[in-house]
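In what follows, a structure is listed as structure tokens, so that the remarks can point back to it.
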Amino acid sequence: MNKVGIPQGTRDFSASIVEKRLYILNTIRAVFQLYGFEPLETPAMENLNTLIGKYGEEGDKLLFKILNNGLNDPKNHDKAKRGFESLMEGKSTTDLTERALRYDLTIPFARYVAMHHGQLTFPYKRYQMQPVWRADRPQKGRYREFTQCDADIVGSKSLINECELALIYHRVFTSLRMENYSLQINHRKILYALAELTGDANKLTDITVAIDKLDKIGWQKVSEELIEKQLSSEAINTIEKYLAIKGSNEEILVALKELLQNKTEGEKGIEDLSFLIHNLTATNTRIDLSLARGLNYYTGTIFEVKAPQDVKMGSIGGGGRYDNLTGLFGVPDIPGVGISFGVDRIYDVMEELKLFPNYLTTRTDVLFFNLGKEESAASFQLMENLRNEGISAEIFHEAVKMDKQFKYAEKKQIPVVAIIGNNELEENRVIIKHLATGKQEQISTAESILYLKTLLKK
RNA sequence: GUAGCCAUAGCUCAGUUGGUUAGAGCAUCAGAUUGUGAUUCUGAGGGUCGUGGGUUCGAGUCCCAUUGGCUACCCCA
């Protein structure tokens, strides 16, 4: 019936939604700045070569690729045909597409740092809040266009950075009144040590992908998946022992030390986590050994934020440490660590938990009734004076009966109407009516500004 | 990429084993009311039932295809 539409998984945001989203974004931005991060924006599209191969095989499929221009030009025909053929063979090619929409903010950031490392002051702390695109099938909490807010620190290996980022999470979520979020942490080196312990270190990815699903599908299914990936039964036993470790953060570390003894990588990971939990006691940080995160570029601490338990929503934020992200772009030895907020999921969670304050709607303060030419001329003058004082005002667009003008004010939730008719015009006065109470008062235009300021508490 | 559910007025939906001219609430517009609304009353407009095909004397209803939406898997914020 309706032929116009928008692409699958994208959304229009009407006024009230924009206001709520801005509330989240402004909260996050303020906290980022409070912790000394500076802003960065990068283009919506990147060269395909910048993005391809950075998110694993699955990620490559989810990139939105942009068709090259000018493929119909005769001189490009050969190239286009070649490109199409390699596409049909499942190979990625720049013959047809050499650009793609960004998939996250981390890789474009690494690209930026690689390009500008000469000019940057290290450690470089940047935040970035922009949309990203993924050609995923939409469902609850999953969109094809969504906004991420990232904060990263590059050029430093210090664990202080991890602490700061965890504190940022804590401050943002408590500001948003989502105090019972949980921040789960783990360490890639621990996962690596585990893989080593099973005797099959190159199965690291298979192991992490499987155990990451533990709280979703349970050990039974996880072990089935491991069997499928051809892990030995001893290896699976070891993993079961690892996942069985429970208790307080302290207890987990003690048990881990025992399990992973003599694995130097593992010891480093345990040491790091130990430092973090001792410095983050005031936050909701919990060690979760099943946390793995799919992205391969993480090398140290990994983070994931879960929404309060009574909400069915995946992670609403995540991040981790990467030792060599810019190495992908030819600039080695710039370690970094970063976190991300999933604004759209945070929005959905807050909507479900009714956490948005009700003062968010921005509306006009005063509606002037339009009762004729000369009358509205007087209104115009007064309106400008009000606006100079920070009181927002508008006048009804035509002189129709008051009934209509009242209804407009109601619908737009304008709290006060100002009426200047014949009588008022002659006496240089105005009627100020407060709609909620129905009270009205006729006062001089000169006094009306102060009167309105009090009425509107401005 | 795979699977399940859904599609009727601007919105939320009803619509009997297939049977006359497809309904309700809300919203919109007009009037009762030429300077006072939110709470009243009266009236009006608005649908080729997502699209295309089939079965049937007859399809909103049954069958097939297709498009779109939602949900789940894979993966992920």
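Chain letters run A, B, ... following the sequence lines, proteins first, then strands; residues in each count from 1.
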Using the P atom as the reference point in each nucleotide, state the distance between B:rC5 and B:rC41 in Å, no decimals. 44 Å
To the nearest angstrom, the CZ-P distance between A:Phe369 and B:rG37 comes to 10 Å
Is the cationic atom of A:Arg144 (NZ for Lys, CZ for Arg) positioned less than 6.0 Å from the six-membered ring centroid of A:Phe64 and within 45 degrees of its normal? no
For A:Lys404, answer base if it contacts any base atom (sugar-phosphate contacts may also be present), sugar-phosphate if it contacts only those atoms, and nothing otherwise; contact means non-hydrogen atoms under 4.0 Å. sugar-phosphate
With rounding to whole Å, what would you report as the distance between B:rG4 and B:rU40 at their C1' atoms? 49 Å
Which range-with-range stems can be found for RNA chain B when each stem has 3 or more Watson-Crick or G-U pairs in a row and both distances sit under 3.5 Å? B:1-7 with B:67-73, B:10-13 with B:23-26, B:28-32 with B:40-44, B:50-54 with B:62-66
Taking the C1' atom of each, how far is B:rA22 from B:rU16, in whole Å? 14 Å
Relative to the ring of A:Tyr127, is the ring of A:Phe32 parallel (under 30°), tilted (30 to 60°) or perpendicular (over 60°)? tilted
I'd like the C1' distance from B:rG15 over to B:rG60, given in whole Å. 8 Å
Cationic N near anionic O, under 4.0 Å, A:Lys412 to A:Glu394: yes
Would you kindly check if the NZ (Lys) or CZ (Arg) of A:Arg126 is within the cone defined by 45 degrees around the ring axis of A:Phe109 and under 6.0 Å from the six-membered ring centre? yes
In 5'-to-3' order, the base (B), backbone-only (S) or no-contact (-) status of each nucleotide in nucleotides 70-77 of chain B, using a 4.0 angstrom heavy-atom cut-off, is -SBBBBBB
Just call it for A:Asn423: base, sugar-phosphate, or nothing, with non-hydrogen atoms closer than 4.0 Å on any strand. base
Within this structure, what is the CD1-to-C1' distance between A:Ile419 and B:rU36, rounded to whole angstrom? 6 Å
Would you kindly say whether A:Glu162 and A:Thr301 are connected by a side-chain donor-acceptor distance under 3.5 Å? yes
Check every strand shown and say whether A:Ile346 touches a base, only sugar-phosphate, or nothing at a heavy-atom separation below 4.0 Å. nothing
Look at A:Arg387 together with A:Glu384 and state whether they make a salt bridge at an N to O cut-off of under 4.0 Å. yes
Give the rounded distance in Å between these two atoms: CG of A:Asp403 and P of B:rG35. 12 Å
Establish, yes or no, whether the cationic atom of A:Arg321 lies under 6.0 Å from the six-membered ring centre of A:Tyr298 and within 45° of the ring axis. no
side-chain contact (heavy atoms from CB on, under 4.5 Å) partner of A:Glu424, the single match among A:Ile431, A:Ile443, A:Val430: A:Ile431
Side-chain donor/acceptor of A:Gln440 to base of B:rU36, under 3.5 Å: yes
Heavy atoms only, 4.0 Å cut-off, all strands: where does A:Leu371 land among base, sugar-phosphate and nothing? nothing
In whole angstrom, give the distance that lies between atom CZ of A:Phe406 and atom P of B:rG37. 7 Å
Shortest non-hydrogen separation from A:Thr50 to A:Ile107 and the atoms involved: O-CG2, 3.6 Å
Check A:Arg21, A:Arg134, A:Lys20, A:Lys140 against A:Asp344 for a salt bridge (charged side-chain N to carboxylate O under 4.0 Å, His left out) and give me the one that passes. A:Arg21
Would you kindly give the CZ-to-P distance between A:Phe64 and B:rG1, to the nearest whole Å? 11 Å
Considering only heavy atoms and no angle criterion, is a donor-acceptor pair shorter than 3.5 Å present between the side chain of A:Glu375 and the base of B:rG35? no
Considering only atom P, compute the distance from B:rU55 to B:rG45 and round it to an integer number of Å. 37 Å
Please check if the side chain of A:Gln130 supplies one atom and the backbone of A:Thr42 the other of a donor-acceptor pair under 3.5 Å. yes
Can you check the distance between B:rU66 and B:rA7, where both ends of the measurement are the C1' atom (answer in whole Å)? 13 Å
Rounding to a whole Å, what distance do you find between A:Phe396:CZ and B:rG37:P? 15 Å
Using 30° and 60° as the class boundaries, would you call the ring planes of A:Tyr408 and A:His397 parallel, tilted or perpendicular? perpendicular
Interatomic distance at C1', B:rC73 relative to B:rC62, whole Å: 31 Å
Tabulated below should be each protein N or O lying under 3.5 Å from an N or O of nucleotides 39-42 of chain B; please produce it.
none

How far does the C1' atom of B:rA32 sit from the matching atom of B:rC70, given to the nearest Å? 46 Å
Over how many whole Å does the gap from A:Leu425 atom CG to B:rG35 atom C1' extend? 14 Å
Would the base of B:rU34 count as contacting A:Lys401 through its side chain, where contact means a donor and an acceptor less than 3.5 Å apart? no
Please check this pair: side chain of A:Ser232 against backbone of A:Ala235, looking for a donor-acceptor N/O pair closer than 3.5 Å. yes
Using a heavy-atom cut-off of 4.0 Å across all strands, would you classify A:Glu424 as base, sugar-phosphate, or nothing? base
